[in-house]
Amino acid sequence: MKRIPIIVDTDPGVDDFFCLAIAAAYDDLFDFRAVTTIGGNNTTDVTTGNALDILKLFHREDVPVARGADSYLKEEFGEPVAKFHGENGIGNVELEHSDRQIDPLCACDKIYEEAKKCGGELVLVTVGPETNLALAFQKHPDLRDMIAKITVMGGSLDTGNVTEYGEANLWHDAYAAKIVFETGIPIDMIGLNTTRKAPLRKDIFDGLDADEKIKNVMLKLIRFRNEEPMHDAIAISSLVNEKAILFRDAYTYIIEDGERRGMSVAEYDRPPNSRVAVDIDNEEYYKVIRDTICRLSAYR
Ligand code: RIB
Ligand code: CA
């Protein structure tokens, strides 16, 4: 089977950790070409360091990490979101430090260079603010013809988590999200209306012969989040198990400012530019998480 070339654009991030776990584990499904980093949950220095350390934990130091922007398109980053991601961005869990160097390219150039090598098949998985993607499309206008799909954790078809309307990733850089959604590239949007339905509980480990180190870190993160959903993991699971997420075709656009800043509006009576997640099969998603744990444990 031909593997799917992917780049994960991320701000690790407690739930980003689980997204990266899945990307790292499915080596037979994903040609994992790079991680690109953005701030938001923390500074870009911190999220980049976290990405390096997480890949080390998963024995995937073959995956390059390219550092991204230090601000949103039109605003500075806010304070680190310690309540949801800990002071260090990953739930105050101390990972073994990676001394690996970051990629010499910045995130937006890395996306472009990898896209050129992938013959139109590259899938971008974006689980943080979409600043790097927007910068890449602005700087390299021909990039939009080189991307097969963008899988987005972001938005919501009901309520947000920063404001009534805005989900964090799209709210933080709504201008960037608007640019991304207007590229014409097929988008799968997995928003809070769906991810909220699937808590990740510690009983996910029941009956698994898991690597102790990985298990300990994951359990700490699950506890840190009080067993709430790991949104970013759900988004990438849709690429692993098509039974996990139920999508509906929609024309989706993003409101960039005002009271409804960051809101994702899905309309079903227009030619679609996207598929929006409308439901999740929790058991199919949990199969992906359990399989990920087993696969990563087999790297021991
Ligand atoms: O709204 C959920 C998103 O915001 C996730 O990507 C999480 O990591 C946070 O940054
Ligand atoms: Ca994230």
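Just so it is clear, the values below take in all heavy atoms, side chains as well, and ignore hydrogens, waters and symmetry mates. Residue numbers count from 1 along this sequence. Note that ligands are numbered from 1 as they come in the structure, with each ligand's atoms numbered from 1 the same way.
Under the 3.5 Å distance criterion, the side-chain polar atoms of E267 are left unmatched by any main-chain donor or acceptor of T252. A side-chain donor-acceptor contact under 3.5 Å links N50 to the backbone of N88.
Backbone and side-chain nitrogen or oxygen atoms of H231 are examined, and none is located within less than 3.5 angstrom of a nitrogen or oxygen of ligand 1. Distances between N or O atoms of G128 and those of ligand 1 include no value under 3.5 Å.
Here the options are L192, D16, T194, the test is side chain to side chain contact (heavy atoms under 4.5 Å, CB included), and the partner is M153; only L192 passes.
Seen from the ring of Y268, R248 counts as a face-on cation partner, given the 6.0 Å and 45° thresholds.
Taking the Ca ion (ligand 2) as reference, D11 places its N/O/S atom OD1 nearest.
Atom 7 (C) of ligand 1 has its nearest heavy-atom neighbour, among D11, D15, N161, in D15.
Protein heavy atom nearest atom 10 (O) of ligand 1, with residue, atom name and distance: N41 OD1, 2.8 Å. If you check which protein heavy atom lies closest to atom 1 (O) of ligand 1, you get E167 OE2, 2.5 Å. Ranking the protein heavy atoms by distance from atom 6 (O) of ligand 1 puts D232 OD1, 2.6 Å first.
E113 and K117 are not joined by a salt bridge, as no carboxylate oxygen comes within less than 4.0 angstrom of a charged side-chain nitrogen. A salt bridge links R295 with D28: at least one charged nitrogen is closer than 4.0 Å to a carboxylate oxygen. Using a 4.0 Å cut-off between charged nitrogen and carboxylate oxygen, K149 and D188 count as a salt-bridge pair.
For ligand 1 and V127, the ligand atoms under 4.0 Å from any heavy atom of the residue are 6 (O). Those atoms of ligand 1 with a heavy atom of A168 less than 4.0 angstrom away are 1 (O), 4 (O). For ligand 1, the atoms lying closer than 4.0 Å to a non-hydrogen atom of D16 are 8 (O).
Remark: aromatic rings of Y175 and Y72 are distant, center separation not under 6.0 Å. The ring of F17 has its center closer than 6.0 angstrom to the ring center of F58.
Residue V127: an N/O/S atom is found under 3.0 Å from the Ca ion (ligand 2). Using a cut-off of 3.0 Å, one finds that D232 contributes an N/O/S atom close to the Ca ion (ligand 2).
Residue-level proximity to ligand 1 for T195 is absent, since no heavy atom of it falls below 4.0 angstrom.
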